[in-house]
There are 2 protein chains.
Amino acid sequence: MSVPLYEAKAELFRLLGHPVRIRVLELLQDKPMPVRELLAAIEVEPTGLSQHLAVLRRSGMVSAHRDGSTVVYSLAGGDVAELLKAARTLLTQMLTGQNELLTELLGAERESR
Amino acid sequence: MSVPLYEAKAELFRLLGHPVRIRVLELLQDKPMPVRELLAAIEVEPTGLSQHLAVLRRSGMVSAHRDGSTVVYSLAGGDVAELLKAARTLLTQMLTGQNELLTELLGAERESR
DNA sequence: AGCTCAATTGCGAAACTGCGCAATTCCTGA
DNA sequence: TCAGGAATTGCGCAGTTTCGCAATTGAGCT
């Protein structure tokens, strides 16, 4: 293997590490969408969106094809949904973990007063 | 929610977007480990490892406790394994997708000669 | 107390990322 | 064919990340 797997994973995560790109992937999960529609759904300048789309395209996560004067993007292959779901699960687990710790600490403080 | 979910996801992915941090999480999946052992397993300077561990600690993904003169790190709560597995799956899907496309293109070229 | 090893932190330099503006490409309709 | 909108690209600036060195903290040993 020329590129170790953990490098590839890190690279993948780095690609996903931007709110706009997450939004794009989430939106494309429902159905393919023209840029115009993505633009309407996400708060971002056209040029910024293009750049993020370019990143996703270069990485092979989405593919684009022209339809007349507009460009339509769609997810390319892989199970992105699963990854996003795992992220969501992990986030909620981490947050509840922190909450438990917090309430525990608060309880301890109350008792010590 | 003060922070939109997609922001939190992006943040999470950004945290994971470094090879050393990925390695650390992978190693900690098996069992808690002292820094010394992580250091032996990963190619990185002690100071660099410390910094990456600090990032993971601040984010709440790992926790550390002293044991004598060494510090032992362990995964904190959440199901990191699931996320890493999803990443691995997605990567292989993307790579095979590219391979198929490649062989398709090569086939087409051969035919056109 | 002084020494040493383990781990962390502070800091400055180098590399990278994201953003917006201006310019460009590609298509469509007059 | 040319004016217009859709989308992309090139480019420079500002902000962030990463890295290694030097300095610091904490624990065990004599």
Side-chain angles (χ1 to χ4, degrees), chain A residues 3-4 6-25 27-28 31-76, chain B residues 3-4 6-25 27-28 31-76:
Chain A
V3 176
Y6 59 85
E7 291 262 10
K9 279 186 202 162
E11 174 74 11
L12 173 61
F13 286 129
R14 219 162 41 74
L15 289 175
L16 295 173
H18 193 289
V20 169
R21 300 201 282 263
I22 295 287
R23 289 290 287 135
V24 167
L25 292 175
L27 288 165
L28 292 184
K31 56 176 171 32
M33 271 194 191
V35 173
R36 177 176 20 82
E37 207 166 328
L38 293 170
L39 209 41
I42 309 175
E43 197 149 315
V44 63
E45 306 292 311
T47 181
L49 181 58
S50 262
Q51 281 164 158
H52 290 296
L53 288 172
V55 171
L56 293 173
R57 238 187 302 125
R58 277 195 290 272
S59 77
M61 302 197 66
V62 307
S63 57
H65 69 274
R66 282 206 97 95
D67 180 13
S69 73
T70 77
V71 177
V72 179
Y73 278 82
S74 49
L75 289 190
Chain B
V3 175
Y6 59 85
E7 292 262 10
K9 279 186 201 163
E11 174 73 11
L12 173 62
F13 286 129
R14 215 163 44 73
L15 290 176
L16 296 173
H18 191 289
V20 169
R21 298 199 284 264
I22 294 288
R23 289 292 286 133
V24 167
L25 292 175
L27 288 165
L28 292 185
K31 55 176 171 33
M33 273 193 189
V35 173
R36 176 177 22 81
E37 207 166 329
L38 293 170
L39 208 42
I42 309 175
E43 197 149 318
V44 64
E45 307 292 311
T47 179
L49 180 58
S50 261
Q51 281 165 153
H52 289 297
L53 287 173
V55 170
L56 292 174
R57 237 186 304 123
R58 277 195 292 272
S59 77
M61 302 197 67
V62 308
S63 56
H65 70 273
R66 282 205 97 96
D67 180 12
S69 75
T70 77
V71 177
V72 179
Y73 278 83
S74 50
L75 289 191

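Just so it is clear: chains get the letters A, B, ... in the order the sequence lines come, proteins before strands, and each one is counted from 1.
- The nearest whole Å value for the distance from the CG atom in Leu49(B) to the C1' atom in dT9(C) is 14 Å.
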Per-nucleotide protein contact string for nucleotides 25-30 of chain D, where B marks a base within reach and S marks sugar-phosphate only (heavy atoms under 4.0 Å, - for neither): -SSS--
Check: residues 55-62 of chain A side-chain donor-acceptor pairs under 3.5 Å, at least two apart:
unit_1   : atom_1 : unit_2   : atom_2 : d
Arg57(A) : NE     : Tyr73(A) : OH     : 3.1
Arg57(A) : NH2    : Tyr73(A) : OH     : 3.3
Ser59(A) : OG     : Leu56(A) : O      : 2.8
Ser59(A) : OG     : Met61(A) : N      : 3.4

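- Taking atom CD of Glu43(B) as the reference point, atom P of dT18(D) lies 18 Å away to the nearest angstrom.
- Counting non-hydrogen atoms under 4.0 angstrom, Ser50(B) reaches a base of the nucleic acid.
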So which protein nitrogen or oxygen atoms get under 3.5 Å of nucleotides 14-20 of chain C's nitrogens or oxygens?
unit_1  : atom_1 : unit_2   : atom_2 : d
dT17(C) : OP1    : Arg14(A) : NH1    : 2.4
dG18(C) : OP1    : Arg21(A) : NH2    : 3.2
dC19(C) : OP2    : His52(A) : NE2    : 2.9
dG20(C) : O6     : Gln51(A) : OE1    : 2.7

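- Separation of atoms CZ (Phe13(B)) and CG (Leu12(A)) is listed at 8.0 Å; rounding is to 0.5 Å.
- Phosphate proximity of dA6(D) to Tyr73(A): absent, as no side-chain N or O sits under 4.0 Å from OP1 or OP2.
- In this structure Ala10(B) satisfies the side chain to side chain contact (heavy atoms under 4.5 Å, CB included) test together with Pro19(A), Ile22(A), sequence neighbours excluded.
- Atom CG in Leu15(B) sits roughly 15 Å away from atom P in dT16(D) (whole-Å rounding).
- When the side chain to side chain contact (heavy atoms under 4.5 Å, CB included) test is applied to Thr70(A), the partners found at least two apart in sequence or on another chain are Pro34(A), Arg36(A), Asp67(A), Val72(A).
- The separation between His65(B) atom NE2 and dA7(C) atom P is 13 Å, rounded to whole Å.
- Under the side chain to side chain contact (heavy atoms under 4.5 Å, CB included) test applied with Leu53(B), the options Val20(B), Val24(B), Val71(B) reduce to a single match, Val24(B).
- Here dA7(C) is the nucleotide among dA7(C), dA7(D), dT8(C) with the atom lying nearest to any side-chain atom of Arg36(B).
- Among residues at least two apart or in separate chains, side-chain hydrogen bond (donor to acceptor under 3.5 Å, both in side chains) pairs with a member in residues 37-47 of chain A are Lys31(A)-Glu37(A).
- Pairs passing the side-chain hydrogen bond (donor to acceptor under 3.5 Å, both in side chains) check and including a residue from residues 8-18 of chain A, sequence neighbours excluded, read Lys9(A)-Glu26(B), Glu11(A)-Arg14(A).
- Applying the side chain to side chain donor-acceptor pair (under 3.5 Å) test to His52(B) and every residue at least two apart in sequence or in another chain returns Arg21(B).
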